[in-house]
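Single-structure report; data block below.
Note that these values count all heavy atoms, side chains included, but never hydrogens, waters or copies made by symmetry. Here is the naming used below: chain letters follow the sequence lines, and residue numbers restart at 1 for every chain. Predicted, not measured: the structure shown is a model, and the values here were computed from it.
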2 protein chains.
Amino acid sequence: MQQIELNERKTKILNAIIRNYLETGEPVGSRTISKYTDLNLSSATIRNEMADLEELGYIVQPHTSAGRIPSDKGYRFYVDHLMEDKNREVNEMKQFVIEHTEKMEQILQQVAKVLATNTNYATMVSSPSYHRNKVKFIQLSLVDEDQLLAVIVTQSNLVKNKIINLSETIDNETLLKLNFLLNSNLNGLALEEINLATIAKLKEQAGMHGDIVSEVLDTVAETMGADEDIRIYTSGTTNLFKYPELSDSAEKASELISTFEEKRQLASLVTENLLNEESTGIQVYIGNESPIQTMKDCSVVTATYELGEGVRGTIGIVGPKRMDYEKVMDNLKVLKNSLDGILSKTRD
Amino acid sequence: MQQIELNERKTKILNAIIRNYLETGEPVGSRTISKYTDLNLSSATIRNEMADLEELGYIVQPHTSAGRIPSDKGYRFYVDHLMEDKNREVNEMKQFVIEHTEKMEQILQQVAKVLATNTNYATMVSSPSYHRNKVKFIQLSLVDEDQLLAVIVTQSNLVKNKIINLSETIDNETLLKLNFLLNSNLNGLALEEINLATIAKLKEQAGMHGDIVSEVLDTVAETMGADEDIRIYTSGTTNLFKYPELSDSAEKASELISTFEEKRQLASLVTENLLNEESTGIQVYIGNESPIQTMKDCSVVTATYELGEGVRGTIGIVGPKRMDYEKVMDNLKVLKNSLDGILSKTRD
DNA sequence: TGTTAGCACTCATTTAAATGGAGTGCTAAC
DNA sequence: GTTAGCACTCCATTTAAATGAGTGCTAACA
C-alpha cells in the first residue's frame with residue numbers, strides 16, 4: 001500500500017535520510033543527501049522530494065529551516081520495508097557466556113548485560129513465565145518437629161520450596177500418605193487443570209490435614225502461575241545517556257531510568273508481548289507505539305524466547321528512535337536462539 | 001581533641017553553616033549566618049570566624065568570593081559531634097510492609113524501596129550472607145529416572161535445591177541410605193566444620209555414589225558459603241538526580257547510576273562492611289572515605305542487620321554529602337530493627 | 001582586645017545583543 | 001523534469017555588559 005505513495009526515487013531518498021540520521025542524530029539537509037548518495041540529483045531536486053515526503057508524513061522538520069528527521073511513520077516504513085535482513089554469524093562470545101553460566105537467573109542477567117554492551121542501548125530480559133508447565137514431583141518432608149518443607153518440581157525442572165509451619169504434630173506415616181496423595185493427584189497436571197473439583201477431592205482425602213494441602217497448592221500456584229512473579233533483569237540503562245535526545249534534560253533522563261528501575265511497567269510490556277503468540281517473535285515499538293508513556297521518544301525491540309515448551313520470556317532493547325535496528329535485531333536473534341530450548345539442553 | 005581546635009562559638013557557627021547547607025545546597029555566606037542565628041554577631045565577625053574555620057579545614061570556598069561549604073572534615077565533625085540523635089517513633093507503615101510481605105527477596109526489595117521513598121536518596125540492601133549458618137536437613141529424592149533433587153535446609157530456614165543428573169540409575173534403598181548418611185554426618189555442622197576428613201569419610205561410605213555426595217556438598221557450600229552470591233537490591237537511584245551537585249553533568253550522573261546498576265562494586269562495599277563486626281552497626285562514609293571511587297561526592301550510610309545468628313546483611317543509603325544525616329540514620333535504625341531476628345519471628 | 005561598619009574587589013551567573021551558518025522555499029532559466 | 005540562485009528563517013554560538021552575592025581588609029568604636 002505504501003508502495004503506491006512512494007515511487008522508487010522517493011524511497012531511495014527516504015532511505016538515505018533515515019540511514020544518515022541513524023548515524024549522526026542530526027537533522028539531515030538536502031545538500032547532504034545530494035552529495036552523499038549516488039542518485040546524482042541536485043539539492044534543489046532533493047528539496048522538492050523532501051517537501052513531498054514531509055507532506056506524506058514520513059519525515060518532519062524540527063523547526064523551519066532545519067533539516068529533516070524521520071517521523072514514527074518513517075521509521076516504521078524503514079523497519080518494514082527498507083531494512084536489510086542481514087543474518088550475521090553467531091557471536092561465539094555469547095555462546096560461551098551462556099554455556100558456562102550455571103543458574104538461570106545469572107544467565108538472564110548475563111544476557112541482558114551482553115546485549116547492552118554489544119548494542120549500547122538499555123536492555124531488559126524477563127524471567128520466563130511458566131505457562132502451561134506441568135507438575136512433575138512433589139515432596140513434603142519434616143525438617144523440624146513443627147516445620148514442614150514442601151518442594152515442587154515442574155517438568156521443566158523448575159524447583160520451588162516453601163516452609164510450612166505446623167499447628168499440630170504429624171507422624172511419619174501420615175506424611176507418606178500425604179506425599180502419595182499429592183503426587184498421584186497432581187503429577188502431570190498444568191495449573192489450569194487443577195480445578196476446584198480436584199482441590200476439593202484432595203482436601204477431603206487429606207482429612208484433618210487439609211490446611212497443609214492448601215498451603216502446598218498455594219505454592220504450586222505460585223510456582224506455575226508466575227505471571228505476578230515475573231522478574232525483569234535490566235542492564236545498560238545508563239547507555240541512554242549517550243543519546244542527547246533522550247537525556248538532554250535531567251528530568252527526561254531521570255524519568256526514563258526510573259522506568260527501568262521500577263520494572264513494574266516493563267513487566268506489563270513484557271506480558272503484553274508474550275500474549276502475541278504469532279510473529280517471528282520480534283516486535284518493534286516505535287515511539288508512541290510503545291505502551292509505556294515514558295518511552296515515547298524511544299524505540300523498543302523485543303524478542304520472545306522459549307526455554308522449554310510453554311516456558312517463555314522476553315528479551316528487549318530500548319534505545320533512541322534512531323537506533324541501529326539491524327544490529328539490534330541481529331543481536332536479539334542470536335540470543336534468542338541461544339536461549340531457545342536451553343532447559344532441555346541442560347539435561348544431557 | 002577537636003574540642004581544642006574549636007571553641008564554642010566556632011562550633012556554633014560551623015553547625016549553622018552545615019545545617020544551612022544541608023537544606024539549601026548552596027554555599028552559605030556570612031550574612032546568612034549572622035541573620036538567621038541567635039548569635040547576634042555581625043557578618044563581619046562571622047567572616048573572621050569563617051576564615052579561621054577554613055584555615056582549620058572544616059569548610060571550603062568553591063571559588064573566591066563565594067560562600068562556604070562544609071569539607072569532608074566538616075561533615076565528619078558534624079556527624080560525630082554536632083548531630084542530634086533523635087530516636088523517633090517507629091514508622092508503622094514500614095512494619096506493615098514487612099509483616100505482610102512473604103518472601104525474603106521481596107522483603108529486601110521492599111525495604112530498599114521504602115527507604116528510598118522516605119529519604120529521597122538512593123538505597124541498597126544486600127541479601128544476607130549466611131555466615132556460620134548450620135545444616136539442619138538434607139534430602140535427596142528421585143524426580144525422574146535419571147534426575148535427583150537435592151534439597152538443603154539450614155537452621156535459619158534457608159532452603160536451596162539442585163537438580164543432579166545421574167549417570168547410572170539408583171534404587172530406592174540406596175537413596176535412603178545416602179539420605180541417612182548425609183544427614184547423620186552433616187546435620188548441625190557449619191560450613192567451616194565440614195573439613196576434608198568429613199568429606200573423605202562421607203565419600204568412602206557412599207562407595208560408588210561418591211559423585212553424588214560431591215555434588216551435594218557443592219550445593220551445601222553454595223548455600224552457606226554465600227559470599228560470592230551476595231545479591232544487592234537497589235532503589236531510588238534516580239533520586240540522585242535531585243541533587244545538582246551529583247547530576248549537573250550527564251557524565252557524572254551516568255557514572256553514579258552505573259555503579260548502582262553494576263552492583264558488583266556495591267557488593268564489595270557491603271562485604272567490607274560486614275567484616276566490621278563491632279560498632280553499633282551504623283557506619284558513615286563521607287566523600288573519599290568511601291571505598292567506591294565514583295562516590296567521592298557522596299556520603300554513604302550503612303547499617304548491618306542480622307536476621308538470625310550469623311545471618312547478616314547490609315542496608316545502605318547513598319546521597320549527596322549534604323544529606324540529612326539525622327533522618328537517614330533514624331530510618332536505618334527503624335528498618336534494621338524490623339529486620340533483626342525476622343527469621344526467628346516467622347517461626348511462630 | 002574583640003567587634004563592627006564600610007568599601008573596593010572578585011567572580012559566577014544572568015541577560016542581551018551580535019554573528020554565523022545550515023537549510024529551506026520559491027522563481028526563473030535550461 | 002531538473003537545476004542554479006537568491007532572499008529569508010531560525011537555531012546555536014559567541015561576545016559583551018549587567019548583576020549581585022560574598023569576601024578581605026582597614027579603620028573606628030566600646
Query raised in the report: Is there side-chain contact between V114(B) and N331(B), with heavy atoms separated by less than 4.5 Å?
Result: no
Query raised in the report: Any side-chain heavy-atom pair from N15(B) and Y78(B) closer than 4.5 angstrom?
Result: yes
Query - Near-strand residues of residues 43-50 of chain A, defined as heavy-atom separation under 4.0 angstrom from DNA chain C - result: R47(A), M50(A)
Report task. Identify, residue by residue, the members of residues 29-39 of chain B with a heavy atom below 4.0 Å from DNA chain C, and return them in order of residue number, or none. Result -> none
Query raised in the report: So does R19(A) pair up with E326(A), basic N to acidic O under 4.0 Å?
Result: yes
Nearest whole Å is fine: how far is [N] [atom2] from [X] [atom1]?
{"X": "D52(A)", "N": "dC26(C)", "atom1": "CG", "atom2": "P", "result": "12 Å"}
{"X": "R68(B)", "N": "dC11(C)", "atom1": "CZ", "atom2": "C1'", "result": "14 Å"}
{"X": "E26(A)", "N": "dA22(C)", "atom1": "CD", "atom2": "P", "result": "12 Å"}
{"X": "N7(B)", "N": "dG2(C)", "atom1": "CG", "atom2": "P", "result": "11 Å"}

**Report entry** Result of checking D72(B), I292(B), T302(B) against Y285(B) for side-chain contact (heavy atoms from CB on, under 4.5 Å)
**Finding:** T302(B)
Query raised in the report: Hey, is the main chain of P70(A) close enough, under 3.5 Å, to the side chain of R322(A) for a donor-acceptor pair?
Result: no
Requested in this report: Measure from the side-chain N and O atoms of E261(A) to the backbone N and O of T237(B), and report whether any donor-acceptor pair falls under 3.5 Å.
Outcome: yes
Report task. By nearest nucleotide on DNA chain C, pick out whichever of N40(B) and H63(B) is the more 5' one. Result -> N40(B)
Report task. Can you label the angle between the Y325(A) ring and the Y75(A) ring as parallel, tilted or perpendicular, going by 30° and 60°? Result -> tilted
**Report entry** Nucleotide nearest S42(A) (side chain, heavy atoms from C-beta), chosen from dT3(D), dC11(C), dG25(C)
**Finding:** dT3(D)
Report summary line: Testing dT3(D), dT9(D), dT10(C) for proximity to the side chain of L41(A), the answer is dT3(D)
Query raised in the report: Counting only distance, no hydrogens or angles, is the base of dT24(C) paired donor-acceptor with the side chain of S65(A) under 3.5 Å?
Result: no
Report task. Consider only side-chain N and O atoms of S258(A) and T238(B), and report whether a donor and an acceptor are under 3.5 Å apart. Result -> yes
Query - Mate of dT27(C) where both pairing distances stay under 3.5 Å, Watson-Crick or G-U - result: dA4(D)
Requested in this report: For the pair I232(A) and S126(A), evaluate side chain to side chain contact (heavy atoms under 4.5 Å, CB included) and give the outcome as yes or no after the intermediate values.
Outcome: CA-CA 4 Å; I232(A) 309 267; S126(A) 81; 4.0 Å; yes
